Amino acid sequence: MARMSTGIHAPMARFARSFAEAVIATVFPPVCHGCGIIMSRHGGLCAGCWTEVRFIERPFCEVTGQPFDHDRGDGLVSAAAIADPPVYDKARAVALYDGPARKLVQALKFSDRADLAPMMAEWMVRAGREVLDGSDVILAVPLHRRRLFGRAYNQAGELARAVSHISGTPLAPGTLIRRKATNPQVGLGRTARIANLSGAFRVEPSRASAIAGRRVLLIDDVLTTGATVNAAAKVLLRAGAARVCVLTFARVASGGAETLYA
């Protein structure tokens, strides 16, 4: 009797699931996250927006992930990384911060679109496999509690949670704390940026064991000059991390002025 019941209930469950999906699709039709046109399924970009995403592929700087304008050969490091080596070991990103990629970041960050994080994280896992496979624990670049209260959630935290879920690499929330509400970095020179971020981060003492001797992958939404992730990486290394790599969804095309999105 139990087997017969299971056999009867399975088709009913499938029907109920299909019916629920149909109702959701009617009330909330799937749209392109880049331009808003109606699509056949949820969670993606239309063909037009997809072709506008400038995915980052080699050749790029092996340290910063900054794309080169022409092929300089494998394993090369940019002049900027040689002249001013970052604190982190390597940084990787999915795409350049423009077009649909920029729209996705802004929607996640400012329009309460936390539902975009899983899709964006899937792209990050593929683009960042090199740094992800060599990492023991994932951390998100934290927001100051005052800014977190205003936004309701940390976009980097949502991406980090999704990357952890997809990859299986453990997440250590609450380990890295932003104790200083820094001023916007827009228009600041290098010295001013460093001063602005001085003392901005700390490792929670009760959570320090989560990173001690471990290879840390630091997650953020956008990388520009790298000042923010550098400051965070320095604190993590001082607290005992063996290495810090960086993975973001997007990055600016050049080391220009850092924006509010970094």
Side-chain angles (χ1 to χ4, degrees), residues 28-72 78 80-81 90-132 140-141 143 151 153-163 166 184-187 218-229 246-262:
F28 303 104
V31 297
C32 170
H33 295 311
C35 65
I37 67 169
I38 301 294
M39 295 178 59
S40 60
R41 63 184 181 86
H42 286 278
L45 298 176
C46 68
C49 286
W50 181 266
T51 60
E52 291 180 10
V53 177
R54 293 202 287 167
F55 291 101
I56 297 174
E57 299 176 345
R58 283 185 169 84
F60 53 65
C61 172
E62 290 299 320
V63 175
T64 66
Q66 175 70 47
F68 291 138
D69 54 7
H70 62 278
D71 194 347
R72 307 180 187 184
S78 65
K90 290 182 178 181
R92 297 291 182 263
V94 174
L96 295 181
Y97 183 61
D98 59 14
R102 181 185 179 112
K103 290 180 181 178
L104 288 171
V105 170
Q106 291 184 334
L108 172 67
K109 195 163 190 171
F110 299 119
S111 300
D112 296 329
R113 291 298 308 276
D115 59 294
L116 295 174
M119 180 192 75
M120 296 167 72
E122 287 182 1
W123 296 6
M124 291 171 70
V125 169
R126 288 195 293 268
R129 182 56 65 185
E130 177 185 359
V131 292
L132 184 57
V141 172
L143 286 177
R151 291 188 189 168
Y153 65 84
N154 176 13
Q155 73 282 350
E158 295 300 310
L159 292 173
R161 186 176 299 108
V163 169
I166 295 167
Q185 298 271 81
V186 177
L218 191 60
I219 300 285
D220 207 357
D221 53 354
V222 182
L223 186 145
T224 54
T225 65
T228 300
V229 291
V246 177
L247 178 59
T248 64
F249 179 75
R251 65 161 299 139
V252 297
S254 64
E258 190 169 7
T259 71
L260 290 174
Y261 310 117

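Because the structure is predicted, anything quoted here is derived from the model rather than measured.
- When all heavy atoms of Gly34 and Lys103 are compared, the pair lying nearest together is O-CD, 3.2 Å.
- For Arg92, the side-chain contact (heavy atoms from CB on, under 4.5 Å) test picks out Arg58, Phe60, Glu62, Lys90, Glu130, Val131, Leu247, with sequence neighbours left out.
- Interatomic distance, SG of Cys46 versus CD of Glu52, reported as 7.5 Å (0.5 Å rounding).
- Asn154 places a side-chain N or O within donor-acceptor distance of the main-chain N or O of Val141, the cut-off being under 3.5 Å.
- Closest approach of Ala114 to Leu108, counting heavy atoms only: CA-CD1, 3.8 Å.
- Put simply, the side chain of Ile219 reaches to within 4.5 Å of the side chain of Met124, judged on heavy atoms.
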Arg113 vs Gln106, test: side-chain contact (heavy atoms from CB on, under 4.5 Å). Steps then yes/no. CA-CA 9 Å; Arg113 291 298 308 276; Gln106 291 184 334; over 6 Å; no
If you apply the rule side-chain contact (heavy atoms from CB on, under 4.5 Å), what do you find for Met119 with Leu104, and how did you get there? CA-CA 10 Å; Met119 180 192 75; Leu104 288 171; 3.8 Å; yes
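- Contact of the Val222 side chain with the Phe249 side chain is not registered, since no non-hydrogen atoms from C-beta on lie closer than 4.5 Å.
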Start with the C-alpha gap between Leu116 and Glu158, add the side-chain angles, then the distance that decides, and say whether side-chain contact (heavy atoms from CB on, under 4.5 Å) holds. CA-CA 9 Å; Leu116 295 174; Glu158 295 300 310; over 6 Å; no
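- Taking each heavy atom of Asp221 and Thr248 in turn, the nearest pair found is O-CB, 3.8 Å.
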Stepwise side-chain contact (heavy atoms from CB on, under 4.5 Å) test for Val163 and Val125: CA-CA 6 Å; Val163 169; Val125 169; 4.1 Å; yes
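- Residues Arg251 and Pro67 are in side-chain contact: their nearest non-hydrogen atoms beyond the backbone lie under 4.5 Å apart.
- A distance-only check finds no donor-acceptor pair linking the side chain of Arg102 to the backbone of Ala250 [under 3.5 Å].
- Between Tyr153 and Asp112 the shortest side-chain heavy-atom distance falls below 4.5 Å.
- When all heavy atoms of Pro100 and Leu45 are compared, the closest pair comes out as CB-CD1, 4.5 Å.
- Here the closest non-hydrogen pair linking Leu159 and Met120 is CD2-CB, 3.8 Å.
- For Arg126, the side-chain contact (heavy atoms from CB on, under 4.5 Å) criterion is met by Glu122, Trp123, not counting sequence neighbours.
- Nearest approach of Leu96 to Ala101, heavy atoms of both residues: O-CB, 3.5 Å.
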